Each structure stands twice: as C-alpha cells, then as structure tokens.
There are 2 protein chains.
Amino acid sequence: MAVEGSEPRHVTIVDVARAANVAPSTASRALQESPRISDSTKRRVREAAHTLGYRPNRIAQSLRLRAGTLVGIIVPDVGVNFYSRFVKGAQDVLEHAGRQVLVLNTERQAAREKAALRTVLEHRVSGLLVATSGGSDEEVRIPTVYFDNLAPGRGVAHVACANREGVGILVDHLVGHGHTRIAYIGGPPTLTSGSERLDGFLGAVGRLRLQASAPVELADAAWSPGSAAAAMERLLALPEPPTAVVTSGDTIALGAMSACRRAGRRMPDDVALVSFDDPVYGELLDPPVTALGRSDVAMGKLAASLLLHALDAGTLGPPTEVRLPVELVVRRSCGCG
Amino acid sequence: MAVEGSEPRHVTIVDVARAANVAPSTASRALQESPRISDSTKRRVREAAHTLGYRPNRIAQSLRLRAGTLVGIIVPDVGVNFYSRFVKGAQDVLEHAGRQVLVLNTERQAAREKAALRTVLEHRVSGLLVATSGGSDEEVRIPTVYFDNLAPGRGVAHVACANREGVGILVDHLVGHGHTRIAYIGGPPTLTSGSERLDGFLGAVGRLRLQASAPVELADAAWSPGSAAAAMERLLALPEPPTAVVTSGDTIALGAMSACRRAGRRMPDDVALVSFDDPVYGELLDPPVTALGRSDVAMGKLAASLLLHALDAGTLGPPTEVRLPVELVVRRSCGCG
DNA sequence: CTGAAAGCGCTTACAG
DNA sequence: CTGAAAGCGCTTACAG
C-alpha cells in the first residue's frame with residue numbers, strides 16, 4: 001500500500017498535448033473551449049485529458065495570468081461564531097464565483113494581523129475581507145472590504161450592521177414594557193461595534209430622558225461571558241439595580257443571564273434582558289432570548305458580493321458603506337409572551 | 001484618493017537586483033540568507049528590498065519549487081462550532097509552520113465534496129485535512145489526515161475522539177446516580193461519530209444489562225436541535241419514559257433540553273441529561289450541562305501536527321489512528337451538585 | 001563570492 | 001484551424 005519511490009509527477013498540459021497529438025497551445029485552447037479549435041480536436045484533447053486524469057495547475061495559471069483566484073479573509077478568531085458564520089457566508093458566494101478562500105486568524109493581536117496581511121499579499125490574493133482588531137493602519141493596495149470593525153476612508157467597501165439603530169430598537173422595546181431603569185453591558189468602545197452600540201444606547205436613553213437611571217458596564221475586549229457576568233454582578237449590587245438590561249452581543253447576554261441565575265434573580269420578572277446578536281440557539285435558552293437577529297452569514301455574503309463587484313468593476317471612488325438592517329426577534333427574556 | 005490609471009505592477013526580485021546592482025540570482029540568494037553571499041551584498045540587497053517594498057511572489061516560488069505552502073481543509077460546515085474550532089486549532093499550528101489554510105465547505109453534499117477536492121488538488125496543496133460527509137470514496141494522492149469521520153485505510157492519519165469509551169463514561173455516570181431507564185439520542189449512524197457513539201451506548205447498556213429499558217432515538221443528519229427536540233418528545237411520550245438521557249452531541253443536548261422545558265419536565269429531577277461534546281457555553285446553560293469536554297481545537301492542532309509530520313517524513317505505511325481521550329466535565333444536568 | 005541560463009506549467013500574442 | 005515562441009517571477013544547478 002505504501003507509495004514507493006519517487007513522487008508520481010503530475011500530469012501536465014504537455015502530457016495531454018502529446019497524447020492528443022497536438023501542440024500544448026492547442027491543448028490549452030481546446031480545454032478552454034476556444035471557438036478557434038475544431039470540434040474533433042477538442043474532443044481528442046478532452047479525452048486525452050480525461051484518461052490521463054489531467055488537473056490544471058492553478059499555480060502556473062495564476063503566475064501566467066498574473067491573477068489568481070484566491071481571496072483572503074482576516075478575522076480575529078474563527079472559533080467565534082460570528083466570524084465563522086461570516087466566513088461561511090463569504091465562502092459560499094466566493095466559491096460560486098470560482099474563488100477560494102485563505103483564512104487567517106489574528107487572535108486580536110496587532111503583530112499577527114500585520115503578519116497575516118503580509119502573508120495574503122505574498123499569495124497575491126485578488127482581494128481581502130477583513131475584520132481588524134485595530135492592529136494595522138497601513139493602507140492595503142488591493143481591493144478590500146472591511147467588515148464588523150470599520151476603517152474609515154479605506155478599502156472599497158465597509159459593511160456592518162445598523163449598530164446605533166439596533167440598540168435603539170432594543171431600548172425602545174424595553175421601554176414599551178414599562179422599564180425606566182435600563183442598564184447596558186457592552187464590549188469596550190475601542191472598535192466599531194463596541195463604540196457604536198454604546199453610542200446607540202447613550203443616544204436612546206438621552207432621547208428618552210432616562211440617563212440618570214441608565215448605568216453602563218463594560219465587558220472585556222473579547223466580549224467574554226465571564227467578564228459580562230462580572231459586569232452584571234456589579235449592576236445587581238447597585239443600590240437601585242436596573243429592572244432591565246441591554247447587552248451588546250450574544251456572549252455578553254449569556255454571561256449576564258448566568259449571573260442573574262446565580263444571584264437568584266428571575267428573568268424576565270426580576271430583570272428583563274434584550275440583546276444584540278441573537279445567540280446561535282437563542283430560542284433554546286431559558287428564558288428564550290429576545291434579540292436582534294444574527295446577520296453574520298448575510299454579512300459574509302454581502303461583503304463577498306461587494307468585493308466581487310469591485311474586482312470586476314475596478315476600484316474607483318471612496319468606499320461604499322453598507323449597513324445591514326437589524327430585526328428584533330421577540331421571545332421571552334424581555335417580558336413578552 | 002482614488003487609484004489612477006494602470007495597476008502599479010508589483011516589485012519583483014529583478015527590480016531589487018537592479019537596485020542593489022547584482023544579478024537576480026544573487027538577490028534571491030541574499031534574501032535567503034545563503035552563506036555563499038558576502039555580508040555587504042546581503043545588506044545591500046536587503047536594503048534595496050526594503051526600500052522598494054519587495055514582497056516575494058509565492059505563486060512564482062511555489063511553481064519553481066514545485067511545492068507550495070497551502071494546506072486544504074474540507075469540512076461539512078464552517079458555521080458549526082465543532083468545525084470552526086477545529087479550523088482554528090489547525091490554522092494555528094499550520095501558521096506557525098509557515099503554512100496557510102484553504103478552507104472549503106461542502107454543506108454535506110457529495111457533489112460539493114468532490115468539487116472541493118478537485119479544487120484543492122488544482123491548487124497543489126501540500127496536504128489535506130478532511131472531515132468527509134461520506135461523499136467521496138476516491139483515494140486522494142496527497143498526504144491527508146481524516147478527522148471526525150474516518151476513512152478506513154486511507155490517508156496518513158485518522159483522528160477522532162474516543163467515541164465508544166466516551167459514551168460508556170456518560171452511561172456509567174448516570175448509573176452512578178441510580179438511573180436504570182436511560183435513553184439515547186444520537187446522530188444517525190451513517191458516519192463515524194454517529195455510529196461509534198451509538199455503538200458505545202449499546203455496548204454500555206448491554207454490559208450493564210439495561211437493554212430492555214434503553215430506548216434509542218435518532219436526530220437528523222445535521223444533528224439539529226430541532227430534530228433532537230422531536231426525538232426527546234418521542235421519549236417523553238413513552239409509556240415508561242426514561243429518567244435520564246445521553247445525547248451524542250452539543251446541539252442534540254440543546255434540543256433535548258428545550259423539549260424537556262417545554263414539556264414542563266424539570267432537569268435533572270424529572271429527567272437527567274449528560275452529553276458528548278460540551279456545548280460551547282455549557283456552564284452557562286440552565287442547568288449547567290454535564291458533558292465530555294470539547295476536543296475540537298485540540299483535534300485541529302493534533303491533525304495539523306500529524307499532517308506536518310507526514311509532510312516532512314514522507315508518507316509510509318498504513319495510516320496511524322489517533323483517539324483523543326475524553327474527560328467528563330461534571331456540572332448539574334446529571335443530578336450532581 | 002557572483003552571474004548567466006534553464007525551467008517550474010501554463011497561456012496568449014504572433015505567425016502561418 | 002494549429003503551432004512555435006515568449007514570458008509570468010522565481011530558484012538552483014552549473015560555471016567561473
């Protein structure tokens with residue numbers, strides 16, 4: 001069973017040409033269905049290619065064509081649901097466009113982000129989809145779509161969800177339930193979503209004149225449930241604890257919910273909760289979470305489409321900014337039902 | 001700000017050579033730190049490369065070297081936690097070895113799996129990490145590590161967790177709590193983990209003489225919570241419903257738990273539950289789930305290491321099969337605490 | 001220590 | 001309709 005001796009060299013177009021008794025150039029054109037090649041020749045070449053098991057070498061094609069089919073995706077952490085589902089969506093539309101995806105992880109480290117950028121550039125990717133962690137400020141010279149965390153003025157497009165409005169919707173819903181002491185637990189305002197969502201909260205409570213009773217707590221940079229739980233505990237320890245809380249993301253909601261449970265507070269009776277980014281199985285949680293529907297897969301598809309568009313249109317003008325609309329999925333944690 | 005006119009051609013080694021006043025071959029060697037090049041020349045070349053912003057073209061390198069740095073990973077669905085975290089682990093060790101990862105999704109479709117295989121092969125990846133959905137039976141000619149779903153006799157290595165033993169541990173734990181009517185909800189036995197885990201359950205109840213009161217229900221091929229919930233409902237509708245249930249995976253546990261909740265059965269009092277594959281935030285669920293710790297990231301790292309090993313050792317002999325040990329994370333759903 | 005030449009596997013003007 | 005030649009950007013024997 002073991003493979004003996006030397007590597008069984010790959011079949012090349014020269015092999016195919018020889019087998020079909022034509023020149024390599026003719027074989028190449030035949031395989032490309034060029035109209036300039038006779039049907040009989042095409043058939044002969046195709047057969048030769050088939051029986052030899054010819055697989056074109058994309059490396060060679062890319063070099064010759066000075067353009068490959070690779071697209072780079074740089075994310076802070078593929079292990080995180082949001083990013084992996086974004087990749088899934090992007091991969092899907094890119095694949096259908098005959099492109100492949102090089103996924104690079106940065107672990108939210110600036111150095112790794114820079115290295116990732118260098119690497120994909122060396123691979124001569126046609127374009128890039130990136131969610132920066134704020135690491136690299138260099139302008140990239142190839143078509144780039146920034147998502148989640150935006151990079152003002154750079155790239156061909158930016159995509160994010162309607163962060164401010166989203167939080168506004170969440171606050172409004174809570175107010176509809178009669179809450180006036182509404183707290184917010186969010187990711188740090190260093191990156192786009194953390195900052196815009198916090199902004200949205202501040203804006204909403206301002207508009208509703210609720211500032212005085214609207215405490216804000218922040219989770220850590222990874223938006224970890226642990227740090228969110230600690231934040232929730234701080235809120236519960238307040239002299240006048242909030243009766244409802246808005247969380248800026250699924251993992252934060254999870255942490256907050258578990259903190260409430262440990263503290264013996266019933267949800268939604270003692271404290272209601274609504275969240276941005278529906279937890280992946282949000283309807284299975286106890287209570288089922290009222291949240292803004294996830295837009296990760298859709299965002300991936302959109303970002304990929306925008307990139308594809310820029311790729312064949314040629315990049316011109318300032319980046320377009322696209323905001324994905326959000327929609328409230330009403331379940332039980334808010335007090336409904 | 002818009003980029004004007006023609007593409008700004010990439011800087012090549014010829015440009016660097018010219019700037020440093022040496023031949024391209026010398027520039028190439030200098031950049032590779034060849035001992036045959038004088039220090040002064042090296043310095044000159046490095047400086048030229050730096051000021052010109054030279055980035056080697058990996059496409060060209062790969063073609064010339066007849067070996068690239070790409071590794072393919074083929075998974076049923078990157079959007080699923082298990083796979084995305086596997087990718088994260090694999091990516092990490094591969095990246096440290098100077099390799100990049102091409103991720104392909106199959107959506108559990110045989111046709112897409114075959115296409116994915118063709119694609120990565122055309123990219124001349126050095127090796128492959130694949131979780132088949134049973135789609136392709138063809139032997140792949142490059143070093144391949146199969147994971148999760150195994151392919152007997154093929155590839156350089158197989159990695160999976162200790163499925164049978166794992167379920168045995170789960171059953172034993174439930175028996176330790178005094179249960180005798182123990183049900184099982186699992187994925188279909190078509191692929192490795194579904195089949196081995198079911199096997200493990202059957203083996204355990206046989207060994208314990210519990211067969212008569214050990215109903216088995218199956219979820220769908222995607223192991224969806226919805227189908228698991230339906231399975232749980234069937235179990236609860238039994239004349240003598242089980243007092244405990246073993247689920248073969250995290251998503252199945254989630255579905256089963258929600259079905260119990262909807263049916264008004266308290267957990268673990270009315271029905272206890274233990275699961276394979278700890279849900280990602282299993283400790284935050286209500287009740288916190290007793291489960292076998294996840295080994296996805298570790299599995300990714302292991303699979304990548306095995307591949308790397310095969311890559312520099314050269315493939316010989318039959319595939320090694322590695323089983324990741326499992327460990328029980330005791331929490332509340334089983335009745336502990 | 002450095003350079004000229006060949007070649008990795010393709011594709012596309014350029015001829016015929 | 002088909003072929004011979006050049007070249008994408010590198011690296012590595014082979015000379016010197």
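For the numbers below, each heavy atom of this structure counts, side chains included, while hydrogens, waters and symmetry mates do not. Order of the sequence lines fixes the chain letters, A, B, ..., with proteins taken first and strands second; residue numbering starts at 1 for each chain. Remember, it's a predicted structure, so these values are computed and weren't measured experimentally.
Helical stems in DNA chain D, defined as runs of 3 or more consecutive Watson-Crick or G-U wobble pairs with both donor-acceptor distances under 3.5 Å, are listed by first residue as C:1-3 with D:14-16, C:5-12 with D:5-12, C:14-16 with D:1-3.
In this structure A157(A) satisfies the side chain to side chain contact (heavy atoms under 4.5 Å, CB included) test together with V145(A), L306(A), T320(A), sequence neighbours excluded. Applying the side chain to side chain contact (heavy atoms under 4.5 Å, CB included) test to R323(B) and every residue at least two apart in sequence or in another chain returns L150(B), A160(B), N163(B), E196(B), E321(B). With sequence neighbours excluded, no residue forms a side-chain hydrogen bond (donor to acceptor under 3.5 Å, both in side chains) with S195(B). Applying the salt bridge (charged side-chain N to carboxylate O under 4.0 Å, His left out) test to R46(B) and every residue at least two apart in sequence or in another chain returns E33(B). Remark: D148(B) pairs with F82(B), Y83(B), A131(B), S193(B) by the side chain to side chain contact (heavy atoms under 4.5 Å, CB included) rule, at least two apart or across chains. Legend: residues meeting salt bridge (charged side-chain N to carboxylate O under 4.0 Å, His left out) with R118(B), ordered by chain and number and at least two apart, are absent. With sequence neighbours left out, the side chain to side chain contact (heavy atoms under 4.5 Å, CB included) criterion links L191(A) to N149(A).
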Could you run down the sub-3.5 Å N/O contacts of the protein with nucleotides 4-6 of chain C?
{"unit_1": "dA4(C)", "atom_1": "N6", "unit_2": "S25(B)", "atom_2": "OG", "d": "3.0"}

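Taking every heavy atom of residues 32-52 of chain A and every atom of DNA chain C, pairs under 4.0 Å involve Q32(A), R36(A), by number.
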I'd like a table of donor-acceptor pairs (distance under 3.5 Å, sequence neighbours excluded) in which one partner is a side-chain atom from residues 61-74 of chain A, with atom names and distances.
{"unit_1": "S62(A)", "atom_1": "OG", "unit_2": "R58(A)", "atom_2": "O", "d": "2.7"}
{"unit_1": "T69(A)", "atom_1": "OG1", "unit_2": "Q100(A)", "atom_2": "OE1", "d": "2.7"}

Below 3.5 Å, can you tabulate the donor-acceptor pairs from side chains in residues 21-32 of chain A to any protein atom, sequence neighbours excluded?
{"unit_1": "S28(A)", "atom_1": "OG", "unit_2": "Q32(A)", "atom_2": "NE2", "d": "3.0"}
{"unit_1": "Q32(A)", "atom_1": "NE2", "unit_2": "S28(A)", "atom_2": "O", "d": "3.1"}

